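What follows is one structure encoded as structure tokens, with my remarks underneath.
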Amino acid sequence: MRLVLLGPPGAGKGTQAQWLKERFGIPHLSTGDMLREAVAAGSEIGRQAKAVMERGELVSDAIMVGVIRERLSQPDCARGFILDGFPRTLAQAEALDALLAERGEKLDAVIEFAVEPEVLVARIAGRFACAKCGAGYHERFKRPRVEGVCDVCGSTEFVRRADDNEEAVRRRLQAYLEQTAPLVAFYRARGVLRTVDGMASISEVSNAIARALEDVRS
Ligand code: ADP
Ligand code: AMP
């Protein structure tokens with residue numbers, strides 16, 4: 001199963017990827033997570049991306065396509081993958097098509113999360129993640145089952161993202177509307193787009209995605 005999760009920051013892509021990767025046994029490729037790891041590791045890509053990410057702007061297509069090319073070539077992607085946060089521009093979408101075509105592959109589905117911009121700020125403001133395993137939570141909508149303890153790995157340390165502040169969120173939303181939203185029409189024209197109501201509860205969105213993927217081979 002080769003999937004793309006498409007939607008603005010805070011739409012719920014990472015949240016849904018957490019169960020999709022278990023359900024289909026395929027890796028969750030979040031370019032945001034990859035870049036945050038590169039920044040933490042102090043690699044060349046991390047050095048180039050850090051300030052751009054802090055401002056809430058997009059890292060260059062050349063860097064991102066290179067990152068994805070390298071990641072898709074790893075063995076765990078042979079049976080499929082869940083892309084989250086990539087592609088984000090038409091140039092990235094075209095490069096992804098070309099990369100997959102080289103391998104004789106194509107996308108099975110692009111899940112679009114339809115969300116009103118008003119809810120995104122509240123979702124991002126309440127977001128936090130496990131410092132150890134990265135599992136995502138929300139102060140109101142998805143608290144750990146045991147207060148202060150990660151459901152997945154038991155860690156008691158949590159982190160918030162440096163770019164989850166009002167100024168950067170505003171820029172990220174603007175970047176989405178200007179540069180990423182055109183991908184909806186791009187994938188609709190290719191017949192792979194499936195839209196779910198991202199305003200519903202976390203479990204309702206999961207059910208809608210499961211229904212949307214019923215007729216897609218796994
Ligand atoms: P994205 O990966 O698209 O940026 P996340 O999956 O990190 O978004 O979700 C943003 C925040 O909103 C997280 O704190 C998450 O727990 C919460 N969240 C995700 N989906 C929903 C939903 N359907 N309803 C309410 N809160 C949600
Ligand atoms: P995310 O975790 O998906 O919200 O991404 C966090 C930040 O990483 C974005 O605001 C961008 O600065 C950068 N980023 C992640 N993926 C991409 C991409 N495909 N293209 C450009 N920039 C990206």
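All figures in this text were calculated on a predicted structure; none of them were measured in a lab. What you see below is based on every heavy atom in this structure, not just the backbone, and it leaves out hydrogens, waters and symmetry mates. For ligands, and for the atoms within them, numbers begin at 1 and follow the listed sequence. If you read the sequence from its start, that first residue is 1, and numbering goes on from there.
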Identify the closest protein heavy atom to [atom]: which residue and atom is it, and at what distance?
| atom | value |
| --- | --- |
| atom 8 (O) of ligand 1 | G12 N, 3.2 Å |
| atom 20 (N) of ligand 1 | I202 CG1, 3.6 Å |
| atom 16 (O) of ligand 1 | H138 CB, 3.4 Å |
| atom 7 (O) of ligand 1 | R127 NH1, 2.7 Å |
| atom 23 (N) of ligand 1 | A200 O, 2.8 Å |
| atom 19 (C) of ligand 1 | T15 OG1, 3.4 Å |

Any ion pair linking [Y] and [X] (charged N to carboxylate O, less than 4.0 Å)?
| X | Y | value |
| --- | --- | --- |
| D163 | R171 | no |
| K21 | D84 | no |
| E167 | R170 | yes |
| D76 | R71 | yes |
| K50 | E54 | yes |

Tell me, please: is G136 in heavy-atom contact with ligand 1, that is, under 4.0 Å?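 Per 4.0 Å heavy-atom rule, G136 does not contact ligand 1.
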
For ligand 1, is G10 a contact, meaning one of its heavy atoms is under 4.0 Å away?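 Right, G10 reaches ligand 1.
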
Could you tell me whether [X] and ligand 1 have an N or O pair separated by under 3.5 Å?
| X | value |
| --- | --- |
| K142 | no |
| K13 | yes |
| G14 | yes |
| F128 | no |

Side chains of [X] and [Y], heavy atoms from C-beta outward: is any pair under 4.5 Å?
| X | Y | result |
| --- | --- | --- |
| R190 | D97 | yes |
| L35 | M64 | yes |
| Y187 | L107 | yes |

Pairing donors with acceptors under 3.5 angstrom, does anything connect the side chains of E70 and Q74?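 Note: E70 and Q74 side chains meet the donor-acceptor criterion.
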
Which of the atoms in ligand 1, numbered in the order shown and given with their element, are less than 4.0 Å from a heavy-atom of F141?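 Counting from 1, the qualifying ligand atoms are 25 (C), 26 (N).
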
Interfacing atoms of ligand 1 (cut-off 4.0 Å, heavy-atom, Y137):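 The list of qualifying atoms is 13 (C), 14 (O), 16 (O).
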
Compile the protein residues with any heavy atom at a distance under 4.0 Å from an atom of ligand 2; present them by chain, then by number.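 Protein residues near ligand 2 are T31, G32, L35, R36, M53, E57, L58, V59, M64, G85, F86, R88, Q92, R161, D163, R172.
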
Can you name the closest pair of heavy atoms from G56 and A175 and give their distance?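 Heavy atoms of G56 and A175 come nearest at O-CB, 4.3 Å.
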
Among Q18, E139, Q16, R123, whose heavy atom sits nearest atom 24 (N) of ligand 1?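 Looking at heavy atoms only, R123 sits closest to atom 24 (N) of ligand 1.
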
Has [X] got a side-chain atom pairing as donor or acceptor with [Y]'s backbone, closer than 3.5 angstrom?
| X | Y | answer |
| --- | --- | --- |
| R188 | V184 | no |
| Q16 | I202 | yes |
| D61 | Q92 | no |

If you measure from each non-hydrogen atom of S201 to ligand 1, which part falls under 4.0 Å: side chain, backbone, both or neither?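 Under 4.0 Å from ligand 1, S201 contributes backbone atoms alone.
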
With sequence neighbours excluded, tell me which residues meet side chain to side chain contact (heavy atoms under 4.5 Å, CB included) with A95.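 With neighbours one apart ignored, the set is V65.
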
